[in-house]
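Step one of this worksheet: look at the structure below.
Since this is a predicted model, take the numbers as computed values, not measurements. As a basis for the values below, the full set of heavy atoms in this structure was taken, side chains included, without hydrogen atoms, waters or symmetry mates.
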Amino acid sequence: MHDTFSLSDPEARDLAAGEYVLGTLDRDQCAEFEALLAVSSDLQRSVDAWREHLQLLNQQLEAVSPPSRLWADIASRLGLRTGLIHRLGFWRAFSGFATAAALALATIALAPREPPMMPGEYVFVINQPSGQPGWILNATLDGKMMVQAVAPGPMPSGKGGELWMMENGTPISLGMLPIHGQATMQLPAKMLGLMKTADFAVSMEPSAGAPGGKPSGPVIDEGKLVQIRNSTVSL
């Protein structure tokens, strides 16, 4: 697992798929990844490819016996008796797979990452008209939101996506979505009670925001927040 995490770059998404297959993502990273995985056929293929690649790699690599002094060093650092470590045949049995995993993780570790997304109880995957995910919105129960750009696609000059939440039929602007990286937003206190059931929408607006605070451009996507349960998005 790494301290930083980003899904805004295709190469980073592929490397995250490798970490997902290896099981090294933490709970929040796994939830964010699976939110995108549920709607992205490209990412699903990437996960399948990593599973096949690591399985083949594991089968092809011969088990390598570590130096005999390694077990004594491990025992010393853990405060265990050397005899106990020698009885743990588990370590040797999995040395081949560990070598394969280490090779994959070494490649992943070299990839630059952006700050991790904020943990949240809800998610909204904002799709482009093509059906491909453009942004992922994570929200907490206290109304804090973080939006991460995945693949927003080209926008007309001077235009961007603006996020709206419906309050009793009236659209309330929550801010402009990022073209790259991440952006944070805070839901007004008076709207917290509506968050779980309200409709959200993204429309194309001038980069400075919709004129008069009302949507004026075409709708890019609309939907509701989806609750995250047990690190898996329920869709």
Exercise. Salt bridge (Lys or Arg N to Asp or Glu O under 4.0 Å) with K224: which residues, sequence neighbours excluded?
Worked result: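 Per chain and number, K224 pairs via salt bridge (Lys or Arg N to Asp or Glu O under 4.0 Å) with D199.
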Shortest non-hydrogen contact between [X] and [Y], atoms and distance:
{"X": "A35", "Y": "V123", "value": "CB-CG2, 4.0 Å"}
{"X": "P129", "Y": "I220", "value": "CD-CG2, 4.1 Å"}
{"X": "G217", "Y": "E205", "value": "N-OE2, 3.1 Å"}
{"X": "P156", "Y": "M204", "value": "CD-SD, 3.6 Å"}
{"X": "G161", "Y": "M155", "value": "N-CE, 4.0 Å"}
{"X": "A16", "Y": "F33", "value": "C-CE1, 3.8 Å"}

Problem set entry | Atom pair OG/CE of S173 and M165 - distance to nearest 0.5 Å |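 The CE atom of M165 is 12.5 Å from OG of S173, to the nearest 0.5 Å.
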For this session: Would you give the length of the straight line joining atom CE of M146 to atom CG of N138, rounded to the nearest 0.5 angstrom?
Result: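 These two atoms lie 8.5 Å from each other.
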Using atom types as modelled and distance alone, determine if a side-chain donor or acceptor of [X] lies under 3.5 Å from a backbone N or O of [Y].
{"X": "Q44", "Y": "L37", "value": "yes"}
{"X": "Q186", "Y": "D142", "value": "yes"}
{"X": "E121", "Y": "L141", "value": "yes"}
{"X": "W50", "Y": "D14", "value": "yes"}
{"X": "E162", "Y": "A210", "value": "yes"}

Problem set entry | Flag side-chain contact, heavy atom, 4.5 Å: L187 against L174 |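 Of all side-chain heavy-atom pairs linking L174 with L187, at least one is under 4.5 Å.
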For this session: Determine whether the side chains of N168 and T170 contain a donor N or O and an acceptor N or O closer than 3.5 Å.
Result: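 There is no such pair between these side chains.
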Exercise. What residues, two or more places apart in sequence or in another chain, satisfy side-chain contact (heavy atoms from CB on, under 4.5 Å) together with L177?
Worked result: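 Checked L177 against side-chain contact (heavy atoms from CB on, under 4.5 Å); matches are I126, W135, V147, L163, M185, V202.
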Exercise. Taking a hydrophobic cluster as the set of Ile, Leu, Val, Met, Phe, Trp and Tyr residues connected by side-chain heavy atoms closer than 4.5 Å, whether directly or through intermediates, do F124 and L192 fall within one such cluster?
Worked result: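 Yes; tracing contacts between hydrophobic side chains, which count when under 4.5 Å, links both residues.
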